[in-house]
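If you're wondering where the values come from, they're calculated on a predicted model, not measured in any experiment. Each chain gets a letter, A, B and so on, in the order its sequence line appears, and its residues count up from 1.
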Protein chains: 2
Amino acid sequence: MTAMKDATLRDVAAHAGVSIKTASRVLNDDPRVADGTRASVTASMVALAYQPDPTARSLRAGRDRTVGVVVESIGDVFVAALVAQIERLLAEAGYQVLVASSYRELERERSIVSNFVQRRCAGLIVMPSSLDALQGMPLRGLPVVFVDREGSAPGSQSVIVNDRDLARVATSHLIAQGHRRIALMSDALVVDTTRHRHEGYLDALRDAGIESDPELIRDDCIDEPRVFSVLDEVFALDEPPTAIFSANTRVSLGIVPGLHVAGRTDMALVAFGDFPMAASLKPAVTVIDHSPARIGEVAARTLLARLIEPSDQLQGGPVITVPAHLIERGSGEIPAEPRSRSPRVRR
Amino acid sequence: MTAMKDATLRDVAAHAGVSIKTASRVLNDDPRVADGTRASVTASMVALAYQPDPTARSLRAGRDRTVGVVVESIGDVFVAALVAQIERLLAEAGYQVLVASSYRELERERSIVSNFVQRRCAGLIVMPSSLDALQGMPLRGLPVVFVDREGSAPGSQSVIVNDRDLARVATSHLIAQGHRRIALMSDALVVDTTRHRHEGYLDALRDAGIESDPELIRDDCIDEPRVFSVLDEVFALDEPPTAIFSANTRVSLGIVPGLHVAGRTDMALVAFGDFPMAASLKPAVTVIDHSPARIGEVAARTLLARLIEPSDQLQGGPVITVPAHLIERGSGEIPAEPRSRSPRVRR
DNA sequence: CTCCTGATTGACATCGGTGTCATAGGCCTC
DNA sequence: GAGGCCTATGACACCGATGTCAATCAGGAG
């Protein structure tokens with residue numbers, strides 16, 4: 001029983017006494033089949049516990065109920081939540097989800113996409129390493145939706161947040177608390193998203209007439225140990241910052257422990273991207289609620305719309321911006337110059 | 001250029017002036033091809049930018065360089081880290097990873113596995129909802145590795161931690177701090193893992209001669225709001241607990257904010273499973289370092305071994321136990337209230 | 001009763017590769 | 001120089017489905 005091979009359409013046809021093609025018609029709800037025939041074929045399928053073979057089907061039909069998802073790293077909490085939401089919605093619509101991580105390697109990213117295309121996926125959701133990451137690739141007209149970062153491909157759409165504006169809001173929020181020395185911490189400027197957040201930070205400073213200081217702008221926070229040393233360096237400046245703007249969740253996940261270890265929880269902090277426990281820390285962390293669930297939902301629905309009704313009209317246009325906002329929790333509302341409030345305990 | 005169809009093996013063969021089969025041999029590194037022929041075919045492949053079609057290949061060959069991964073929910077931080085590690089190692093070995101979430105629905109879990117089998121995956125890594133989740137399914141002899149929970153399938157292996165023993169260690173640790181009223185908080189007892197952790201908790205109480213109290217054993221912590229209300233209820237008991245043992249990360253992620261909101265950070269806590277920020281909270285959270293990266297690594301290597309060398313010998317046996325240990329950070333070392341040390345008659 | 005039409009159905013090619021087996025030479029042996 | 005053997009290659013079937021197009025058949029029209 002366990003060793004028995006699965007029934008094929010041929011077996012079903014033989015069992016029902018019809019041709020393979022007729023069985024295929026029943027399988028595909030072709031209306032040109034007599035009711036009686038349909039009933040007996042259906043009965044045979046049940047009797048033999050028939051399951052269609054997706055491989056053979058997609059080989060011949062050139063399509064497949066699978067959606068490929070390419071992300072930077074599935075282990076990132078933001079990405080995991082994003083993918084979870086995408087998978088949930090696509091699964092409801094009967095699609096399988098294939099996930100692969102690019103780890104920021106362009107070559108790997110392109111080879112994954114190529115593989116998905118070869119596999120005849122029905123559509124792609126891609127978190128591109130750059131605007132032109134898929135430049136010149138043969139996509140066979142597949143619907144592509146880029147997430148979290150703007151991408152470009154013929155007829156594609158991108159679901160993003162307004163990184164620049166939100167970074168400006170976050171930074172302005174700190175300025176409004178009286179801060180003028182605000183450190184910007186991010187990882188390398190290889191991704192457009194990161195660049196836009198830098199621009200938004202600079203926008204806010206300019207709006208407030210504050211001159212930006214290169215010493216306070218760090219784009220080398222690549223991992224937790226590095227974040228720790230960057231914090232040390234920044235604190236040791238002649239004019240150290242009184243506030244920090246963290247440009248993404250991964251960096252935040254390094255900054256928070258770093259501040260705790262250093263005993264510098266007096267430092268104001270606004271983080272781009274919410275994260276688990278942010279509300280339970282002391283102080284609780286003020287964040288830009290860059291919601292992966294919402295972005296994932298919009299991306300999945302956008303792709304589904306194109307899968308169901310392939311049209312030249314792009315619902316929502318080539319770039320769809322998902323709203324996000326600042327959540328005040330405490331760390332972002334710490335005023336500048338704590339010594340003016342009470343005698344300093346530290347040092 | 002973008003509209004041009006991809007080259008097939010037939011095109012390559014024609015271009016090189018050989019038969020399709022010979023081109024296929026070159027593609028598969030078959031040694032029985034003359035060097036000159038090999039070189040010209042290789043040149044043609046490059047010239048035509050040939051990429052093999054994985055669909056056609058797996059249809060005929062009955063195998064595929066894809067590994068299916070079935071987990072409970074890819075959005076869970078523990079799961080995301082586990083999958084990330086598995087994906088990284090399998091990708092290095094040239095395998096694609098297919099991920100799908102079962103959301104604890106047996107029916108969905110089985111249909112995903114069935115789909116993977118139909119797709120001719122080379123192997124499966126499954127986080128099973130129960131020991132017999134795959135019972136009776138035709139697996140076509142696929143190598144299967146279960147992760148985090150023991151599963152059963154012909155010739156399968158499971159990579160797990162000793163949940164029962166670790167739960168005992170965690171609970172004993174709290175008892176060693178003088179606690180005798182220790183609450184156990186977990187989600188529903190549908191997964192063996194959870195059941196084993198309950199048993200370990202009871203083992204520790206028994207070892208210490210403490211009678212277990214059903215009021216302190218809660219298996220209904222299904223989501224964050226529920227965790228909050230469970231905490232309220234437990235605190236309101238006539239004899240409230242002085243310590244909590246959290247049976248998994250998802251529950252911990254509810255307990256910690258709950259304790260902070262209630263201002264009950266005096267409560268001792270040991271959490272099964274490490275999580276981001278655990279070391280930065282006040283107090284920092286003592287955990288059982290149930291490392292997803294380590295489990296994922298062992299699972300991936302175990303599967304790879306079977307993929308490369310299909311043998312009846314199971315390397316490491318049917319059940320592989322990954323070590324884990326307790327990390328003291330503070331919350332688990334909060335002593336019981338002084339008065340509970342003095343003699344008192346319970347019940 | 002024959003012809004036409006539309007509804008059903010099936011034979012066969014096909015998707016892009018791989019497995020089996022046969023075949024054509026080249027080289028060695030006796 | 002014939003037989004044997006090994007190497008390199010190709011012809012062909014096949015994996016499990018779908019697309020094309022022709023064939024069959026019943027019923028209504030003339």
Taking atom P of C:dC15 as reference, at what distance in whole Å does atom CG of A:Asp53 sit? 18 Å

Counting side-chain heavy atoms from CB outward, which of C:dT18, D:dG16, D:dT9 is closest to B:Ala34? D:dT9

Answer with base, sugar-phosphate or nothing: what part of the nucleic acid does A:Arg32 contact at a heavy-atom distance below 4.0 Å? base

Within the structure shown, what part of the strands sits under 4.0 Å from B:Thr55 by heavy-atom distance: base, sugar-phosphate, or nothing? nothing

Sugar-phosphate only, base, or nothing, as touched by B:Arg120 at under 4.0 Å among non-hydrogen atoms: sugar-phosphate

Picking from C:dG16, D:dG19, D:dA11, the nucleotide nearest the side-chain atoms of A:Lys21 would be D:dG19

Could you give the CD-to-P distance, from A:Gln51 to D:dC15, as a whole number of Å? 20 Å

A:Leu9 has an atom CG; how far is it from atom C1' of D:dA17, in whole Å? 7 Å

Indicate, with a heavy-atom threshold strictly under 4.0 Å, whether A:Thr37 touches base, sugar-phosphate, or nothing. sugar-phosphate

Whole Å only: how far is the CG atom of B:Leu59 from the C1' atom of C:dT18? 10 Å

Given C:dA11, D:dG10, D:dT18, the nucleotide with the shortest approach to the side chain of B:Thr22: D:dG10

For DNA chain C, whose closest nucleotide is more 5', that of B:Arg57 or that of B:Arg25? B:Arg57

Has B:Arg88 got its NZ or CZ under 6.0 Å from the middle of the six-membered ring of A:Tyr103, at an angle within 45 degrees of the ring axis? yes

Whichever of A:Pro54 and B:Val33 has its nearest DNA chain D nucleotide further upstream toward 5': B:Val33

Would you compute the distance between atom CG of B:Asp148 and atom OG of B:Ser158 and round it to the nearest 0.5 angstrom? 10.5 Å

For B:Ser114 and B:Ser111: C-alpha separation, side-chain torsions, deciding distance, then whether side-chain hydrogen bond (donor to acceptor under 3.5 Å, both in side chains) applies. CA-CA 5 Å; B:Ser114 159; B:Ser111 104; over 6 Å; no

Taken to the nearest whole Å, CG/B:Asn28 to P/D:dT9 is 15 Å

Pair A:Thr66, B:Arg119: side-chain N/O donor-acceptor within cut-off below 3.5 Å: yes

Using heavy-atom distances to pick each residue's nearest nucleotide on DNA chain D, tell me which of B:Ile20 and B:Arg60 is more 5'. B:Ile20

Are A:Ser24 and D:dA17 close enough that a side-chain N or O sits under 4.0 Å from OP1 or OP2? no

Tell me, do A:Arg149 and A:Glu72 make a side-chain contact under 4.5 Å, heavy atoms counted? yes

